[in-house]
**Student:** 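Before anything else, here's the structure in question.
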Number of protein chains: 2
Amino acid sequence: MIKECMRKSLILVLFFMITSVAVSYAGDISYTGDNLQWNQVAPGVWKSHIGAVQPTTLLEAAGAVPAIQALDKMGGDSPFPLNRSSITATVDGRTTVLSLPLRRDERIFGLGLQFKTIDQRGSIRYLHVDHYGGVDNGRTHAPVPFYVTSAGYGVLVDSAEYITVYAGTANRKGAPDHPPVLDRNTDPNWNAVPPSNTVEILIPADGVDIYIFAGPTPLDAVRRYNLYCGGGCLPPRWGLGFWHRTPMRYTSSQVEQEAREFISRGYPLDVIGLEPGWHSKSYPCTYQWDTGRFPDPKGFVGTLRSLGVRVNLWENPYVSPDSELYPLLEPLSGSHTVWCGIVPDYSLPEARRYLMDQHDREHLAIGVSGYKIDECDGIDIWLWPDLAVFPSGLTAMQMRQTYGLRLQRMIDELFRSRNTRTYGLVRGSNAGSSPLPFVIYNDYYSHRDFITALCNSGFCGILWTPEVRASESPEEWLRRMQSVCFSPLAMINAWSDGTKPWSYPEVEDDVRAVMELRVRMIPYLYSAFARYRFEGIPPFRPMELEPGFLTEGDTGARETVGTRNDRKKLIIRSEVKDQYMMGDNLLVAPMFAGESERDVVLPPGAWYDFYTGAFAGKDEVITVTPGPGHIPLFVRDGGIIPLAPVGLHAPVQGEGVGLEIRHYGSAPGHFLLYDDDGETFDYERGEYVWRELTVTKSSQGRLEGDISPFTGSFPSTYGEVVWRFMSE
Amino acid sequence: MIKECMRKSLILVLFFMITSVAVSYAGDISYTGDNLQWNQVAPGVWKSHIGAVQPTTLLEAAGAVPAIQALDKMGGDSPFPLNRSSITATVDGRTTVLSLPLRRDERIFGLGLQFKTIDQRGSIRYLHVDHYGGVDNGRTHAPVPFYVTSAGYGVLVDSAEYITVYAGTANRKGAPDHPPVLDRNTDPNWNAVPPSNTVEILIPADGVDIYIFAGPTPLDAVRRYNLYCGGGCLPPRWGLGFWHRTPMRYTSSQVEQEAREFISRGYPLDVIGLEPGWHSKSYPCTYQWDTGRFPDPKGFVGTLRSLGVRVNLWENPYVSPDSELYPLLEPLSGSHTVWCGIVPDYSLPEARRYLMDQHDREHLAIGVSGYKIDECDGIDIWLWPDLAVFPSGLTAMQMRQTYGLRLQRMIDELFRSRNTRTYGLVRGSNAGSSPLPFVIYNDYYSHRDFITALCNSGFCGILWTPEVRASESPEEWLRRMQSVCFSPLAMINAWSDGTKPWSYPEVEDDVRAVMELRVRMIPYLYSAFARYRFEGIPPFRPMELEPGFLTEGDTGARETVGTRNDRKKLIIRSEVKDQYMMGDNLLVAPMFAGESERDVVLPPGAWYDFYTGAFAGKDEVITVTPGPGHIPLFVRDGGIIPLAPVGLHAPVQGEGVGLEIRHYGSAPGHFLLYDDDGETFDYERGEYVWRELTVTKSSQGRLEGDISPFTGSFPSTYGEVVWRFMSE
């Protein structure tokens, strides 16, 4: 009996040892083909869980709740878009390796907020939340591990680790499609990076969740990704007006005076952002008003609101010992300090609660409308080190990859709890952020690269603003102001320089004009955001997501494209990175200081000049010389653009502002104009209206416009309608 | 009974579960103070093994065998140089974290081949074998995880992982010496990186070996490190002559002609290096002679040798399918290819054997004298990915960190097996390489930063050459040639440009003069290398290792130093990075193109101009305007420099070349002149002679020189001696 007992014990122990080893340190566990399980988690969305369950993931940190209904609407019969048997995964005790196939000519887009490149194929990306250091290497403010390819599907690696993506660079020995060996001594075709038909991904963890999103188009795959994250964010309507951030140490009276000067000079203004000096101490922060500079915060916020201006507060996440929150958060913070402030572990509900309560009491209760969450991307030299530990047990790296997400989610929840929408800024983000109402910015300040970032933002569910700080010339100032007015958040950030829209008198009228145009665009832009919210369609997006822009079998080689003048130009179609779409109908082609003309690559079909309605070109690359006053804007044939009147603020519910509805070209048109209260989450309970704008040709061949009636139970934002057929 | 049995089984299982968890995924295991065990492994050297035994380490890969006798000679009563209780280590299943204390004013030197900075305090270093990308961040050709501080001790983290060193940047919450919190709103002293009195190190592995090396001076700590690695390398004497690498596709007759032209024009030449075209195919390599360009390799090597010139062969480690080695090495190679070639796993003895046999048979047997091991540092985009696997089970990262070491060791062993010394070049190295006869080089080509690299090489047991390729002006060519002639390996690398010493006729005489001076310096320089070999003293070293150069309590603040002209200058003493010591007596202060004067920071005592013997300065910073023909060189008071006659080749055993022995200043002098056969390892069996050169003052106050007799059992290299008292 004793022997029997011992035997059983031993068997039990051995069994445990074996399984334990298998789970923790086994030789690799490989998953290929059928033994890699794909679970369809929504129509057109498949998930595979590989290896061990991880303590956090990006979607978990972002609080992503899939918009299943919207995904259902997209259709449920998409086939799995890859050859299942060509996807492999290998897990050992420390790392997980994924391998996914590529077609020979397939392009890879996304992998986060790149500033210089569109096509990521042939590169390695080290996806790591960080400031952008001037090189596209994956270290960026939003290193979203999602890519979409020209073949029309998307891949999300939902890992909160520093993952490395070999995007068509790594060649496996003996692979059937291994490139041929060449001799550098004599072969001019020798290539330092022989192309690979594989995406390989290194995840320094013993498991990962991976998602595949069906197309059939790249835009469809992006939409499914956005909807799986919960759908895009819908800012309050005022968020789409003009923003201005005042200098760091301005007092409340200086800020008030600045707001009044905007109004008296006739420059639109919806939001004033306060920079560090509103805190009693900053870097690290107290989150408490400086009573010297802001003796009456409530009165100050109320005065601005009476001027039609909302207040946004800058903050960083590191807590000063002088903050009332310090004793509460200190036990809930990481092992290391940042600027001598503590780093709260906001994966802990009680830490979130302390901050949210304080913010609610001290800021929201007096009417503050949102935040700018700075410095959560980090620069290694001042951030918590990768060896820091946190009370939740999350590693320093997991915290780094998710910190911006957690902060955004917290602020979003805070405003939701008051049934009030917010819109703000953040420096660090990641996958899952599509529904979070924050726009990314940074200090890098290359105008051209800022536009490439705006293009890339559309590939991975993030928003980006090319904020304006100062400029070396009036021309640069104007060109930057024109760009930012065609971005998700139109803002001057004068925290350091004290610039104002009228700082360059030579161009002050042109600057005012484009700011006015920004406000006029709000009905159009707000509708685009509503489609982001409900359908996952990015309001700002790269040309590559435009139907027909990527040619079938696009090879990545330079190809010759005809122009209006019958000149021929070399255009790399996959690298059109200085123009983008705002909404469905408007192509934005910013100008840069020092340049008087530029090429614009038109997507298929006829396009028209926004300002004049004149024909601009069809199926070609055009060259434009717009003069200083205009940012080149083009509208597709049949495109409808509803415009509000010139005004200082975004239209308000019940205001009944008149609409000028423009139609371009000669084709019939259709547009969905979105309306809701513009400020609350009541739209989530159905309190919204889509009004159909329709242009048809009469039997006499004339264009005629029609708008469906307003059917909302809330007061309409819009009133009278005037139709303008711009190209007639 | 059954219950009892079940109870025992459960206890056993539970016990196993608990211990298993504790070992693998436990909350952290922390070592502090007394529970961190320090084992004195040699006099003045302590080792602590923390956590799990690792599959490889740097010292293991380098094959380091401590030179215990030499360490014994340095003295065995050094106290442990740090407060033991202030060193901590924490291990969890995936990472090891080390924390070591710093004094407030302590400087940190080393951490590998930096190109721009000397003091590493206040920086983060990601120690990762890589090409140098233009920024000192730890990614470099030799990211040696060894540092030495101004407090006079050294630390080696013997890990083959990508480790991160927070060198005085990370502050722990609640640390007793935590810096004070400042308010950025108002405090001009606010610092983005508050200083930390801790070095924290992140090792992504579940264990590590750490070594502490005693001083008392920084040079002593460096010497102990070098000796623990086995002592410095002693090149063959010819290795210190002049080297020239011919263009990539030169034929044997072109190479012979080039060698003959050196001789006919009177330019020294000891080694010709062949670049990729000697292989039948390169990138990847065959290691087989191209029979078109080199129809008679044996005859070719023999012809060059008859001209007094040795042959060095370029190679990279990636094996072409067209190589005879391919079928042998293919099963022993990693999962991924580089330039479509396989990556042999040279941690496997049989892989080493195949390559060494082939090299021995095809190259050494016909008289080849060494190799240039290119491309083993890697650039991520073409190297094997970090997710590659190798048959030995070493990870891709461990292989990356050690690949250059393994290649050097293999070549060293190959030549040792023929009792022949070699000297060569390598692009990737790491800790433990001190005894390996290789010099690091790269493509970066900033002359000034090349000199800083030469300074830094002396902190961590590596050698560096500022090789010369081409130049934008005759002046730059001359200045670069002057620098490289005062480096461990004096070489033109004309693989791409086809430059020759006489390529710039305006400066050809000055170039010839400095090449001649290089060869004349060999008795002095070879003696310096012998002290590297036997005593661990780097032959090229930064000023900070010079006794008295770092002032006591050096604060890192700019301090005022008097000059000869009674001007005052601001000098950051810790960042003197454009001058260095060659041997004990010679201070080298290179000139850079476009500059006609420079400052030279003299170490304590009087210094004299090398060329004239004139007094240069004492305890001061001097400004020199040397003119184009001279690289500024200074000799300490009492310094002795033995010079060979002008010649085309390094002196040879038995040649009996005359020596001009120079003495500078007025102080008595002493110098140890090393002699051996210059080519074999017989010196390791005692076949060498140290001859004492002594200068004393006679009773009449005149200087007199004396040389001890030659006592070797081998033929002396040197003959007649002439003394020159340069400052009399």
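Quantities reported herein were computed from a predicted structural model and do not represent experimental measurements. Chain letters run A, B, ... following the sequence lines, proteins first and then strands; every chain starts at 1. Side-chain atoms are counted along with the backbone in the values below, which use heavy atoms only and exclude waters and symmetry mates.
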**Student:** Counting heavy-atom pairs closer than 4.5 Å to chain B, which one of Asp290(A), Val181(A), Asn185(A) comes out on top?
**Tutor:** Asn185(A)

**Student:** CD/Glu161(B) to OG1/Thr395(B) distance, rounded to the nearest 0.5 angstrom?
**Tutor:** 5.5 Å

**Student:** Using a cut-off of under 4.5 Å for heavy-atom pairs, which of Ile381(B), Val389(B), Leu383(B) has the most such pairs with chain A?
**Tutor:** Ile381(B)

**Student:** What residue, out of Ile201(A), Asp380(A), Ile342(A), Thr90(A), has the most heavy-atom pairs lying under 4.5 Å from chain B?
**Tutor:** Asp380(A)

**Student:** Determine whether Ser333(B) and Lys173(A) make a side-chain contact, defined as any pair of heavy atoms from C-beta on separated by less than 4.5 Å.
**Tutor:** yes

**Student:** Non-hydrogen atoms of chain B under 4.5 Å away: do they reach the side chain of Val97(A), the backbone, both or neither?
**Tutor:** side chain

**Student:** Quick one: CG on Asp183(B) to CG on Asp322(A), what's the gap to the nearest 0.5 Å?
**Tutor:** 8.5 Å

**Student:** Do Thr88(B) and Ser99(B) make a side-chain contact, defined as non-hydrogen atoms from C-beta onward lying under 4.5 Å apart?
**Tutor:** yes

**Student:** With respect to chain B, which residue among Ser123(A), Ser196(A), Cys285(A), Pro194(A) yields the maximal number of heavy-atom pairs within a distance under 4.5 Å?
**Tutor:** Pro194(A)

**Student:** Considering only NZ, NE, NH1 and NH2 on the basic side and carboxylate oxygens on the acidic side, decide whether Arg139(A) and Asp130(A) come within less than 4.0 Å.
**Tutor:** yes

**Student:** Given heavy-atom pairs under 4.5 angstrom as the criterion, report whether the side chain, backbone, both or neither of Ala396(A) touches chain B.
**Tutor:** neither

**Student:** Counting heavy-atom pairs under 4.5 Å to chain A, which of Ser320(B), Pro179(B), Pro385(B) comes out on top?
**Tutor:** Pro385(B)

**Student:** Within the 4.5 Å heavy-atom criterion, are Thr95(B) and Leu387(A) side-chain neighbours or not?
**Tutor:** no

**Student:** About how many Å separate NE2 of His178(A) and OG1 of Thr337(B), when rounded to the nearest 0.5 Å?
**Tutor:** 2.5 Å

**Student:** What option among Trp382(A), Trp384(A), Trp190(A) has the most heavy-atom pairs under 4.5 Å with chain B?
**Tutor:** Trp190(A)

**Student:** With a 3.5 Å distance limit and no angle check, can you tell me whether Asn316(A) reaches the backbone of Glu375(A) through a side-chain donor-acceptor pair?
**Tutor:** no

**Student:** Examine whether an atom of Tyr318(A) lies under 4.5 Å from a heavy atom of chain B, and if so say whether it belongs to the side chain, the backbone or both; otherwise answer neither.
**Tutor:** neither

**Student:** Mind checking the CZ-CG spacing from Arg94(B) to Asp206(B)? Nearest 0.5 Å is all I need.
**Tutor:** 11.0 Å

**Student:** Answer with side chain, backbone, both or neither: which region of Leu182(B) has an atom nearer than 4.5 Å to a non-hydrogen atom of chain A?
**Tutor:** backbone

**Student:** Taking only Lys NZ, Arg NE, NH1 and NH2, and the carboxylate oxygens of Asp or Glu, determine whether Asp187(B) and Lys281(A) approach each other closer than 4.0 Å.
**Tutor:** no

**Student:** Is Ser280(A) in contact with chain B via its backbone, its side chain, both, or neither, using a 4.5 Å heavy-atom distance?
**Tutor:** backbone

**Student:** Could you tell me which portion of Glu275(A) (side chain, backbone, both or neither) has an atom closer than 4.5 angstrom to a non-hydrogen atom of chain B?
**Tutor:** neither

**Student:** Between Asn171(B), Leu202(B), Thr186(B), which has the largest tally of heavy atom pairs under 4.5 Å with chain A?
**Tutor:** Asn171(B)

**Student:** Using 0.5 Å steps for rounding, measure from the NE2 atom of His128(B) to the CE atom of Met397(B).
**Tutor:** 9.0 Å

**Student:** Given the options Pro180(A), Ser335(A), Pro321(A), Ala170(A), which has more heavy-atom pairs under 4.5 Å with chain B than any of the others?
**Tutor:** Ser335(A)

**Student:** Does the gap between the ring centers of Phe294(B) and Trp278(B) come in under 6.0 Å?
**Tutor:** no

**Student:** Hey, could you give me the CD/OG distance between Glu330(B) and Ser323(B), rounded to the nearest 0.5 Å?
**Tutor:** 12.5 Å

**Student:** Looking at Leu394(A) and Pro55(A), what are the two nearest heavy atoms and their distance?
**Tutor:** CD2-CB, 3.9 Å

**Student:** For Arg249(A), which atoms come within 4.5 Å of any heavy atom of chain B: side chain, backbone, both, or neither?
**Tutor:** side chain

**Student:** Would you please go through residues 162-169 of chain B and name the residues with a non-hydrogen atom below 4.5 Å from one of chain A, in numerical order?
**Tutor:** Tyr166(B), Thr169(B)

**Student:** Pick whichever of His279(A), Arg293(A), Glu200(A) has the most heavy-atom pairs under 4.5 Å with chain B.
**Tutor:** Glu200(A)

